[in-house]
Amino acid sequence: MELPSFLSEKTIYELHDLGFLQEIIKGILVRNLIKDVHIKKDDIDEALNKFCQSNKIDINEYEDWLLKNSYSKDSMEIKLTANERIGIYAKKNFNSKVKARFLDRKNSLDKVVYSLIRIKDSFKAKELHMRVFEGEADFGDVASQFSEGPEKLSRGIVGPLPLAQAHPLIFQKLKSLKSKEISSDILVINNWHLILRLEHHLPTKLDDNIESLMQKELFEEYINSEVKTMMENLLHKNENQ
């Protein structure tokens, strides 16, 4: 990829020192990749109308606005439809890798709802754990009465939230439980004693939305890898001149 002529050796190093070079190269690379992606006229018109409405520009004065702000019509259309173009480009070029990506990321996409009782005192935690584990007390009642965290307000219920957002120890424990099952042991994390019950495991399916997410993640990884290589080559080249 050729960089604009204004990016002289001196400018490149100044932008690098200021932390702007990476974003500039990334912007140029993305633009070059998506500029020829075909977008339906209706989609362009919709994006243009939204832009004019949000910026309080009369649609009949749009071309005058472009002149005043030194934008070309084509460049503005690319800018306004960048997300749609990236989606189309990503689907065309990375869809074959989506299934493997999904399987690799599935644990982080699955969601869970679980119940939690959080206690500082270990002896109190053991007593409460025995009561709920043996069915002598209702988990929600115990959580609302004795839990010492914000889950106290929701009868211990946490979520739904992505499984991977949980603490690693909670993550591993929840993966081993069945719905409505209480953990047979007490987790100790940062001096807190935790009693857990898995309520629901909500597995993620590879639907259109997840497919699109995977495609765009792969696109982003590709772009970042290319930008890194280009920056290394560019800076190394200039150092040797």
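Remember, predicted model here, so these are calculated numbers, not experimental data.
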Are [X] and [Y] grouped together when hydrophobic residues (ILVMFWY) are joined by side-chain heavy atoms under 4.5 angstrom apart?
X	Y	value
Leu80	Ile34	no
Val112	Leu109	no
Trp192	Val188	no
Phe133	Leu116	no

> Would you call Asp74 and Lys35 a salt bridge, using N to O less than 4.0 angstrom?
Replying inline: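 No.
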> Do Arg197 and Glu199 meet the salt-bridge criterion of a basic N to acidic O distance under 4.0 Å?
Replying inline: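 Yes, Glu199 and Arg197 are salt-bridged.
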With a 3.5 Å distance limit and no angle check, can you tell me whether [X] reaches the backbone of [Y] through a side-chain donor-acceptor pair?
X	Y	value
Lys152	Gln145	yes
Ser183	Leu196	no
Ser144	Asp141	yes
Ser212	Asp208	no
Asp110	Leu163	no
Asn55	Phe51	yes
His200	Leu202	no
Arg85	Val37	yes

>> Could you go through Lys41 and Asp45, starting from their C-alpha distance and side-chain angles, then the distance that decides it, and tell me whether this counts as salt bridge (Lys or Arg N to Asp or Glu O under 4.0 Å)?
In response: CA-CA 6 Å; Lys41 185 178 185 302; Asp45 291 343; 2.8 Å; yes
> Side chains of His193 and Asp121: donor-acceptor distance under 3.5 Å anywhere?
Replying inline: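 Note: His193 and Asp121 side chains miss the donor-acceptor criterion.
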>> Could you check whether atom NZ of Lys91 has more than 12 heavy atoms from other residues, nucleotides or ligands sitting under 6.0 Å from it?
In response: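 Atom NZ in Lys91 is not crowded, with 12 or fewer foreign heavy atoms closer than 6.0 Å.
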> Parallel, tilted or perpendicular: which describes the rings of Phe94 and Phe219, with under 30° parallel and over 60° perpendicular?
Replying inline: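 The rings of Phe94 and Phe219 stand perpendicular, inter-plane angle above 60°.
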>> Within the 4.5 Å heavy-atom criterion, are Lys26 and Ile223 side-chain neighbours or not?
In response: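 Touching, per the 4.5 Å side-chain cut-off.
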> Thr204 versus Phe102: any side-chain heavy-atom pair under 4.5 Å?
Replying inline: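 Thr204 vs Phe102: side chains touch.
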>> With salt bridge (charged side-chain N to carboxylate O under 4.0 Å, His left out) as the test, pick out the partner of Arg101 among Glu211, Glu220, Glu221.
In response: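 Only match with Arg101 under salt bridge (charged side-chain N to carboxylate O under 4.0 Å, His left out): Glu221.
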